[in-house]
Amino acid sequence: MGAIEARGLKKRYGDTVAAADVSLDVGSGEIYGVLGRNGAGKTTVVEMIAGLRRPDAGSVRVLGLDPWQDRSRVRQVLGVQLQEAALHGALTVGELVRLHRTFYRDGADPAELIERVGLTGQRGTRFDKLSGGQRQRVSVALALAGRPRAVILDELSTGLDPEARRGMWAMVERLRDDGVTVVLVSHLMEEVERLCDRVALIDAGRVVAVDTPSGLVRRAGLDQVMRFRAAGPFDPAVLERVDVVHSVRTADERVVVTGTGDLLQAVSTALVRADVTVLDTSFQQAGLEDAFLALTGDPFDGEER
């Protein structure tokens, strides 16, 4: 049995379908990424897994427990950090962590927890005086207060500077080393590629694909990416007709071409024959963002309902 099992989850808000039919299997001790565009339903799905939102249909098991029928037992083994935490603004960081520690029979040491998330210097600072990134770190600390066997981290790095972000990544990796199962909802491709053992791509309330980050790139058939600026307008069909080309799009005034085989030579030849002058060319292996675009066909903006 996996650490977290979701079967056929459905959730509708009026005419809006947030989850059409979502099934996930999260293995024990793995970091499992949930990735999707704005409105794909990521947060709704993890809230149903955590027992914070009741599904219209489907079932969830967290370490063999039902989040609704076994609510108190699930709270002892599952930590949850959501995008926006509603915490008492007059309490200090130390007071909040100590308070949440009392909710658990065998919780973490508050001082060690505050140090782990990099807030030792803010231990005596009221929550309403913290920056957005510091509040995010408090939420992570509270999610870990009960020494959970599984934890949901929703947009872990929101508001964090690069140094704090990498510190959080190292902390998540230590959680995995300790055998904790992590469900990571994120819009940062670098974060997902570094941390996640497997990733579920969710689009329009459905799971499009589940694989390792590199496996998703292979599944999309996008081995290579060529980027360039054209000196003038040209018809993208010039490149779309090339056998090894899988997609052509424009991002930040640069043309992005993904494909396989001898992509660089094939694209260069097609552009020369079409009399297209090319500037600032770069070439690299495809990444997770390229795979996301190929598998869903949707723009990725990172916001979530």
Under-4.0 Å salt bridge between Glu30 and Arg198
yes
Please determine whether the number of non-hydrogen atoms from other residues, nucleotides or ligands lying under 6.0 Å from atom CZ of Arg149 exceeds 12.
no
So, does Arg165 use its side chain to make a donor-acceptor pair with the main chain of Leu160 at under 3.5 Å?
yes
Tell me, yes or no, whether the heavy-atom count around Gln284 atom CD, taken from other residues, nucleotides or ligands under 6.0 Å, exceeds 12.
yes
Co-membership, hydrophobic cluster, residues Leu263 and Val272, 4.5 Å side-chain:
no
So is Arg135 actually on top of Phe127's ring, under 6.0 Å and inside 45° of the axis?
yes
Is Arg194 salt-bridged to Glu173, cutoff N-O under 4.0 Å?
yes
More than 12 heavy atoms of other residues, nucleotides or ligands under 6.0 Å from CG of Asp243: yes or no?
no
Output yes when a side-chain donor or acceptor of Arg147 lies under 3.5 Å from a complementary backbone atom of Gly107, and no otherwise.
yes
More than 12 heavy atoms of other groups within 6.0 Å of Arg73 CZ:
no
Keeping Glu289 on the side-chain end and Met189 on the backbone end, is there a donor-acceptor pair under 3.5 Å?
no
Below 4.0 angstrom, N of the basic side chain to O of the carboxylate: do Asp280 and Arg227 qualify?
no
Glu191 vs Ser186, test: side-chain hydrogen bond (donor to acceptor under 3.5 Å, both in side chains). Steps then yes/no.
CA-CA 8 Å; Glu191 179 171 88; Ser186 178; 2.6 Å; yes
Can you check side chain to side chain contact (heavy atoms under 4.5 Å, CB included) on Ile49 and Ile152, steps first, answer last?
CA-CA 9 Å; Ile49 290 173; Ile152 294 173; 4.0 Å; yes
Donor-acceptor under 3.5 Å (Arg219 side chain, Val210 main chain):
yes
Presence of salt bridge, Glu190 and Arg166, under 4.0 angstrom:
yes
Do any N or O atoms from the side chain of Glu5 and from the backbone of Gly2 form a donor-acceptor pair under 3.5 angstrom?
yes
With a 4.0 Å cut-off on N to O distance, would you call Asp56 and Lys10 a salt bridge?
no
Can you confirm whether Asp275 is buried at CG, in the sense that more than 12 heavy atoms of other residues, nucleotides or ligands lie under 6.0 Å from that atom?
no
Test: Arg101 and Asp106 ion pair at under 4.0 Å
no
